[in-house]
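The structure under discussion appears below in the form of structure tokens.
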Amino acid sequence: MVPVFDDWHSVPPEWTGGVVALGNFDGVHHGHQALLAHAREKASELGAPLLAFTFEPHPRGFFVPDTGPFRLTLAPAKTRLLAEHGVKAVLAQHFDAAFAALAAASFVEDVLVKGLGARHVVCGYDFTFGARRSGNVEMLRAEGKARGFDVSVLDPVTHEGEIYSSTRIREALRHGWAREAAGLLGHQWEIEGQVELGDQRGRTIGFPTANVALGEHLRPRFGVYAVRALVDGVWRNGVANLGKRPTFGKLQENFEVHLFDFAGDLYGKVLRVALVDFIRAEMKFPGLDALKAQIAADGQAARDLFASP
């Protein structure tokens, strides 16, 4: 795993003096991947380290704390994806009131120049920085020219005339369009969380499930999905229910994962669960027998999806 630092003051000398890729990188989608590829190329040309500069918590969560869960990738998943695209270290800058108040000029002078010794900075066309978003790419280019670092600004990356964006991916997931979201991301969308102790109702009806913590992940459309889960280094097929289980009068959101042909104990483990396809919307059943019949049908539908070419 690549090293992760939570404040620009704490980045050691061996990770300074290189290329800095700036952005929130939520989802690490195709647009982000293009930016990282460019940054990786510049780092190779310079023989210098590539550092991704992102923020935790996400600034949106800081400024609008009651916005509800919206993250595509939480910190561990984001770090893993950034590493897969050539990043050698991550600065997940702690975003608090003090950092939010930092003037744009100070961000350049104190953070990028004095703190990180940036030789080349790469960002997207819409990147803003500093208090009240007062800094933009034009200012960054001008400051770079004056202070001795180069700046690359990536144009929007599009597919069929639409810009790849975290917003569009969130929209797709809220409709239950798992395959479309995967196409936009360049990888299947995952929920990664610890398996918590549930009410173990699934065991009593013959469908044991792992209750995976949702955390701050975006809530996609409630319903049943075909999924794949990484268990001890092996991807296993399964089916999952995301919702409030209206048949039992529950109000709490749950993500319950049933893995096919698996009998191990998952309690306490952290699972990566990839949404493969949407099977059906959340439903309320008249009784337990109807629910059991539908669960069996859902499982078969998921198996059929995995069996199809």
Gap separating the OG atom of Ser10 from the CG atom of Leu91, nearest 0.5 angstrom:
7.0 Å
Could you tell me whether the side chain of Ile163 reaches within less than 4.5 Å of the side chain of Thr158, counting heavy atoms only?
yes
For the residue pair Pro3 and Val90, establish whether any side-chain heavy-atom pair is separated by less than 4.5 Å.
no
Look up atom CG in Leu214 and atom CZ in Arg219, then write down how far apart they are to the nearest 0.5 Å.
4.5 Å
How about Gln93 and Asp6: does a side-chain donor come under 3.5 Å of a side-chain acceptor?
no
Given Phe207 and Glu256, is the side-chain contact (heavy atoms from CB on, under 4.5 Å) satisfied, shown in steps?
CA-CA 10 Å; Phe207 298 93; Glu256 297 172 300; over 6 Å; no
Nearest heavy-atom neighbours spanning Ala48 and Gly18
CB-CA, 3.7 Å
Go through the steps for Leu154 and Val122 under the test side-chain contact (heavy atoms from CB on, under 4.5 Å), then give the verdict.
CA-CA 7 Å; Leu154 271 287; Val122 184; 3.6 Å; yes
Is the shortest heavy-atom distance from the side chain of Arg174 to the side chain of Pro220 under 4.5 Å?
no
Determine, stepwise, if the pair Leu197 / Tyr267 fulfils side-chain contact (heavy atoms from CB on, under 4.5 Å).
CA-CA 7 Å; Leu197 189 63; Tyr267 178 66; 3.6 Å; yes
Is there side-chain contact between Leu218 and Ile169, with at least one heavy-atom pair below 4.5 Å?
no
Within the distance-only criterion (no hydrogens, no angle test), does the side chain of Arg40 pair as donor or acceptor with the backbone N or O of His85 below 3.5 angstrom?
yes
Between CG on residue Asn211 and CG on residue Leu266, distance to nearest 0.5 Å
11.5 Å
Tell me every residue that passes ring-ring contact (aromatic ring centres under 6.0 Å, His included) with His30, counting only those two or more places apart in sequence or in another chain.
Tyr164
Can you check whether His217 and Phe255 have ring centres sitting under 6.0 Å from each other?
no
Main-chain N/O of His29 paired with His32 side-chain donor or acceptor, under 3.5 Å
yes
Are Leu291 and Tyr225 connected into the same hydrophobic cluster when the rule is that any two of I, L, V, M, F, W, Y join if their side-chain heavy atoms are below 4.5 Å apart?
no
Could you state the interatomic distance from CD (Gln188) to CZ (Arg179), rounded to the nearest 0.5 Å?
8.0 Å
Quick check on the hydrophobic clustering: are Leu36 and Phe53 connected, directly or via other members, by side-chain heavy-atom contacts under 4.5 Å?
no
According to the interplanar angle, ranging from 0 to 90°, do the rings of Phe107 and Phe129 count as parallel (below 30°), tilted (30 to 60°) or perpendicular (above 60°)?
tilted
Is any side-chain heavy atom of Asn24 closer than 4.5 Å to one of His58?
yes
Between Phe5 and Val111, is there shared hydrophobic-cluster membership here, with clusters defined by ILVMFWY side-chain heavy atoms closer than 4.5 Å?
yes
For Arg133, the side-chain contact (heavy atoms from CB on, under 4.5 Å) test, sequence neighbours excluded, returns Thr128
Same apolar cluster: Phe149 and Val11, side chain cutoff 4.5 Å
yes
Could you state the interatomic distance from CZ (Phe55) to NZ (Lys78), rounded to the nearest 0.5 Å?
9.0 Å
Can you list the residues that meet the side-chain contact (heavy atoms from CB on, under 4.5 Å) rule with Gln294, with sequence neighbours excluded?
Arg280, Phe285, Ala297, Asp298
If you measure from the Lys or Arg side-chain nitrogens to the Asp or Glu carboxylate oxygens, is any gap between Glu45 and Arg119 under 4.0 Å?
no
Val239 and Phe278: same hydrophobic cluster, using ILVMFWY side-chain contacts below 4.5 Å?
no
Taking the basic N atoms (NZ, or NE/NH1/NH2) and the acidic carboxylate oxygens, is any pair closer than 4.0 Å for Glu282 and Lys244?
no
Nearest atoms (heavy-atom pairs only) where Gly144 meets Val151
CA-CG2, 4.4 Å
Measuring only between side-chain heavy atoms, which start at C-beta, is Val2 closer than 4.5 Å to Leu82?
no
Decide whether Ser152 and Lys42 meet the rule of one side-chain donor and one side-chain acceptor closer than 3.5 Å.
no
Closest heavy-atom pair and its distance - Leu35, Ala21:
CD2-CB, 3.9 Å
Is the closest basic N to carboxylate O distance between Asp26 and Arg60 below 4.0 Å?
no
CZ/Phe25 to CD/Gln33 distance, rounded to the nearest 0.5 angstrom?
11.0 Å
Report the C-alpha distance between Asn237 and Val276 in whole Å, list the side-chain angles of each, state the deciding distance to 0.1 Å, and finish with yes or no for side-chain contact (heavy atoms from CB on, under 4.5 Å).
CA-CA 10 Å; Asn237 296 340; Val276 176; over 6 Å; no
Assess whether a salt bridge exists between Glu216 and Arg71, defined as any Lys/Arg side-chain N lying under 4.0 Å from an Asp/Glu carboxylate O.
no
What are the two closest heavy atoms between Pro49 and Trp15, and how far apart are they?
CB-CE3, 3.8 Å
Testing Ile191, Val231, Leu230 for side-chain contact (heavy atoms from CB on, under 4.5 Å) with Leu271, which one passes?
Val231
Any idea which heavy atoms bring Arg221 and Ala281 closest together, and the distance?
NH2-CB, 3.6 Å
Heavy-atom nearest pair, Leu259 first then Ala229, reads CD2-CB, 3.7 Å
Can you find a heavy atom in the side chain of Val153 that is under 4.5 Å from one in the side chain of Leu140?
no
When the ring planes of His175 and Trp177 are compared, do they come out parallel, tilted or perpendicular, using 30° and 60° as the limits?
parallel
Heavy-atom check, side chain of Tyr125 versus side chain of Val137, under 4.5 Å
no
